[in-house]
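Below, each value reflects all heavy atoms present in this structure, side chains not excepted, and no hydrogens, waters or symmetry copies.
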Amino acid sequence: MDGATIAASKPPLLSSPFFLFSLLINPSTNFQQQVKLSVLDRLSSAKRGKYVVVAGMTPTPLGEGKSTTTVGLCQALGAHLSRPVLTTVRQPSQGPTFGIKGGAAGGGYSQIIPMESLNLHLTGDIHAITAANNLCAAAVDARMFHEATQSNGALFNRLCPVDDKTGRRPFAPVMLRRLRKLGISEEKFGDAELLSEEERSAFVRLDIDPAAVSWRRVLDVNDRFLRGITTGQAATEKGHMRSTGFDISVASEIMAVLALTTSLRDMRERLGAMVVASSKKGTPVTADDLGVGGALTVLMRDAIEPTLMQTLEATPVLVHAGPFANIAHGNSSVLADDVGLKLVGESGFVVTEAGFGADIGLEKFVNIKCRASGLLPDAAVLVATVRALKMHGGGPPVTAGKPLDKAYTQEDVELVSKGCENLARHIANCKNFGLPVVVAINKFASDTEAELAAVKAAAEAAGAASAVVCEHHAKGGEGAVDLANALIEATSSSSVSPALNYTYDLSASIEDKIAAIATKVYGASGVELSAEAKAQAEKFTKQGFGNLPICMAKTQYSFSANPSAKGAPSGFVIPIRELRPSAGAGFLVALVGEMQTIPGLPTRPGFFNIDIAEDGSVVGLS
């Protein structure tokens with residue numbers, strides 16, 4: 001049976017003991033429910049369980065089954081070994097679902113159900129992010145237009161109209177944030193009429209530099225033709241045109257804020273602090289300067305609640321947030337992890353997934369997510385496949401939508417062994433972060449015993465605590481019991497509390513932090529910033545953002561910036577094209593090489609296979 005058929009054959013069981021917390025859950029349907037954040041208050045004194053992150057080797061375009069392994073491992077821990085366990089994963093974007101990679105519910109007998117709901121709209125969180133992001137974009141352009149076409153007096157009268165009942169000019173509550181930023185006395189907060197002419201001018205004019213607008217519109221579709229656009233072409237906009245572009249919704253800073261926030265109040269502050277542009281004097285302009293921070297929070301109010309779902313074997317799953325790992329920080333929410341760790345208790349496990357290879361998702365998990373949350377992981381599970389190892393050993397290109405070359409379906413131990421240099425570097429990186437590593441060898445039907453033995457030997461020689469062959473796709477949790485036992489052993493043998501080794505100090509310069517990631521994690525010899533990126537680094541440092549961590553936007557198909565450079569290349573230079581601020585989320589984005597922030601569709605997208613059957617069920621979704 002295909003994945004959709006398997007998922008449909010397993011009705012929702014809702015047998016998890018976590019449903020004892022039903023009073024703390026907002027019902028959505030009979031198979032997915034949103035968890036109220038008040039659960040953290042109820043569990044404030046609870047001991048946390050073991051925290052495990054699942055990452056992978058550098059993948060092929062087909063993916064190596066990281067989500068499937070995450071689900072299979074949790075089914076093994078919960079349904080077969082009776083350990084309290086909770087899975088935390090990202091909500092899939094519709095870009096890959098209808099594009100190349102497909103959904104992210106897992107596969108075979110290791111899936112999150114109902115997979116159609118997970119892979120499509122779920123509770124609408126990504127739509128809320130899209131709406132909030134684009135409201136902010138509209139506010140930027142509208143403010144520039146109104147400032148360009150009105151006098152100070154006209155702006156003042158419209159922003160602070162006279163109240164007919166009091167005769168005063170009241171400020172909207174969000175405006176008080178800008179007054180404080182400008183250093184205006186609180187004695188004047190009750191009536192805008194008290195502002196001096198100089199204060200009025202500073203208040204009403206953000207004076208945004210059109211060339212320094214960093215905020216872009218988004219949508220959750222792979223549409224390459226929106227990478228570069230011109231706005232304001234209608235006659236009604238009076239010639240106020242500018243060049244900009246779209247990102248995919250899951251690369252929006254609002255998605256990153258959702259993933260890193262710790263409470264509704266924290267989310268409000270982060271959304272308001274998002275930098276959308278710079279003024280002509282070089283001052284950062286924020287969402288609260290625009291007056292839109294509160295409205296963005298209202299749009300995101302329901303999205304802050306994680307969605308409770310389950311696996312095929314009735315182990316619980318929290319789905320929350322969905323930033324891409326190649327162009328965003330690639331991890332599910334801090335809130336979901338914290339809720340899960342307290343729910344499972346000291347004897348339990350929370351297993352979360354970091355996107356793409358460990359050089360991308362796991363690096364950001366450590367240097368961005370764990371820094372923000374203060375949560376320390378106990379171990380890493382690194383997913384490897386014979387197929388990917390053969391590609392890194394020099395095998396033919398792997399292309400989505402095309403049949404695999406016979407090199408990938410016939411035994412070739414030498415090719416596998418050559419490719420293990422890629423796996424070895426990922427293992428070394430995990431150990432450098434301070435994490436014990438268990439390698440999950442995701443077995444495919446064409447893999448031979450000799451090939452699997454070669455992977456196991458190479459992984460353990462590279463320093464993995466153990467390397468385990470897994471068959472969770474075909475057998476569900478039963479096929480990952482050995483992996484689960486290896487993980488239990490790896491996390492129970494630690495006699496000290498977990499500790500993390502960050503790749504860089506936050507006090508280092510922006511360029512030095514980028515170089516630390518490139519040299520220590522990727523194996524590069526150095527970095528080269530474009531003239532634009534150097535100027536941006538200088539500007540962001542002057543604006544007070546130089547102490548933020550770095551989110552690298554880089555190809556997922558190689559340690560280098562060249563997706564064709566397989567294995568474990570070294571001595572290359574990482575080119576930095578552009579820097580973007582994500583001050584509300586709490587990091588700076590470094591765009592590497594030609595990396596794009598909205599994907600395109602291939603010649604044969606996944607949507608060709610997706611349709612509605614006669615009975616109304618979804619077919620072709622993977």
Side-chain angles (χ1 to χ4, degrees), residues 54-70 72-73 107-108 110 356-360 362 380-400 402-431 437-475 479-480 482-483 486 522-523 555-560 562-570:
V54 177
M57 62 176 293
T58 306
T60 70
L62 306 178
E64 308 319 305
K66 199 163 65 273
S67 298
T68 306
T69 301
T70 301
L73 170 60
S110 293
F356 289 123
D359 58 317
I360 297 181
L362 181 60
V381 173
L382 198 58
V383 179
T385 65
V386 167
R387 177 179 67 194
L389 291 166
K390 285 182 174 180
M391 181 188 71
H392 287 289
V398 176
T399 305
K402 292 185 178 180
L404 281 173
D405 188 274
K406 63 181 181 181
Y408 295 101
T409 56
Q410 295 178 355
E411 183 177 286
D412 192 333
V413 176
E414 182 180 357
L415 195 60
V416 171
S417 297
K418 287 181 179 178
C420 284
E421 65 174 354
N422 180 273
L423 177 60
R425 181 175 290 178
H426 285 294
I427 293 171
N429 282 338
C430 291
K431 295 186 69 178
V437 189
V438 176
V439 173
I441 307 169
N442 187 16
K443 182 180 179 181
F444 291 5
S446 59
D447 298 345
T448 69
E449 293 303 316
E451 290 173 330
L452 296 169
V455 180
K456 178 177 173 63
E460 292 177 350
S466 58
V468 182
V469 176
C470 309
E471 298 183 77
H472 42 275
H473 186 278
K475 299 180 179 179
D482 289 345
L483 175 63
Y522 302 161
T555 178
Q556 66 270 33
Y557 296 127
S558 174
F559 281 110
S560 74
N562 176 8
S564 299
K566 304 304 182 184
S570 60

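- Taking every heavy atom of both residues into account, Ala440 and Val381 meet most closely at CB-CG1, 3.9 Å.
- For Lys566, there are no salt bridge (charged side-chain N to carboxylate O under 4.0 Å, His left out) partners, not counting sequence neighbours.
- Proximity of a side-chain donor or acceptor of Asn422 to a complementary backbone N or O of Gly419 within less than 3.5 Å is not detected.
- Taken from CD1 in Ile360 to OH in Tyr522, the straight-line distance is 6.0 Å, to the nearest 0.5 Å.
- Under the rule for a salt bridge (charged side-chain N to carboxylate O under 4.0 Å, His left out), Glu421 has no partner lying at least two apart in sequence or in another chain.
- A search for side-chain hydrogen bond (donor to acceptor under 3.5 Å, both in side chains) contacts involving Thr68 returns nothing, not counting sequence neighbours.
- For Asn442 (side chain) and Glu64 (main-chain N/O), a donor-acceptor pair under 3.5 Å exists by modelled atom type.
- Under a 3.5 Å cut-off, the side chain of Thr385 and the backbone N or O of Ala388 do form a donor-acceptor pair.
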**Request:** May I have the step-by-step check of salt bridge (Lys or Arg N to Asp or Glu O under 4.0 Å) for Lys443 and Glu449, ending in yes or no?
**Result:** CA-CA 10 Å; Lys443 182 180 179 181; Glu449 293 303 316; 3.7 Å; yes
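- Contact annotation: the side chain of Leu404 approaches that of Arg387 to within less than 4.5 Å [non-hydrogen atoms, C-beta and beyond].
- In plain terms, the two heavy atoms of Ala55 and Leu362 that are nearest each other are CB-CB, 4.0 Å.
- Looking at His392, its side chain does come within 3.5 Å of a backbone N or O of Thr58 through a donor-acceptor pair.
- Closest non-hydrogen pair, Cys430 versus Leu382, comes out as SG-CD1, 4.4 Å.
- Remark: Phe559 pairs with His426 by the ring pair (Phe, Tyr, Trp, His ring centres under 6.0 Å) rule, at least two apart or across chains.
- Taking the side-chain contact (heavy atoms from CB on, under 4.5 Å) definition, one finds that Ala384 meets it with Met57, Leu423, Val439, sequence neighbours left out.
- Partners of Thr69 by side-chain hydrogen bond (donor to acceptor under 3.5 Å, both in side chains), not counting sequence neighbours, listed by chain and number: His472.
- Remark: Ser446 pairs with Thr409 by the side-chain contact (heavy atoms from CB on, under 4.5 Å) rule, at least two apart or across chains.
- Of the possible polar contacts, one joining the Lys390 side chain to the Ala407 backbone as a donor-acceptor pair under 3.5 Å is found.
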Would you give me the side-chain donor-acceptor pairs under 3.5 Å for residues 457-470, sequence neighbours excluded?
from, atom 1, to, atom 2, distance (Å)
Glu460, OE2, Lys456, NZ, 2.9
Glu460, OE2, Ala467, N, 3.4

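- Here the CZ atom belonging to Phe444 is positioned 11.0 Å from the CG atom belonging to Leu452, to the nearest 0.5 angstrom.
- Evaluation of the side-chain hydrogen bond (donor to acceptor under 3.5 Å, both in side chains) rule for Gln556 yields Asn326 as partners, not counting sequence neighbours.
- Residues forming a side-chain contact (heavy atoms from CB on, under 4.5 Å) with Ala565 (at least two apart in sequence, or on another chain): Ser558, Ser560, Asn562, Pro569.
- Take Glu411 and apply the side-chain hydrogen bond (donor to acceptor under 3.5 Å, both in side chains) test, not counting sequence neighbours, and it matches Thr448.
- Residues that satisfy the salt bridge (charged side-chain N to carboxylate O under 4.0 Å, His left out) test with Arg425, not counting sequence neighbours, are absent from this structure.
- Distance CD/Glu451 to CD1/Ile441: 11.5 Å, rounded to 0.5 Å.
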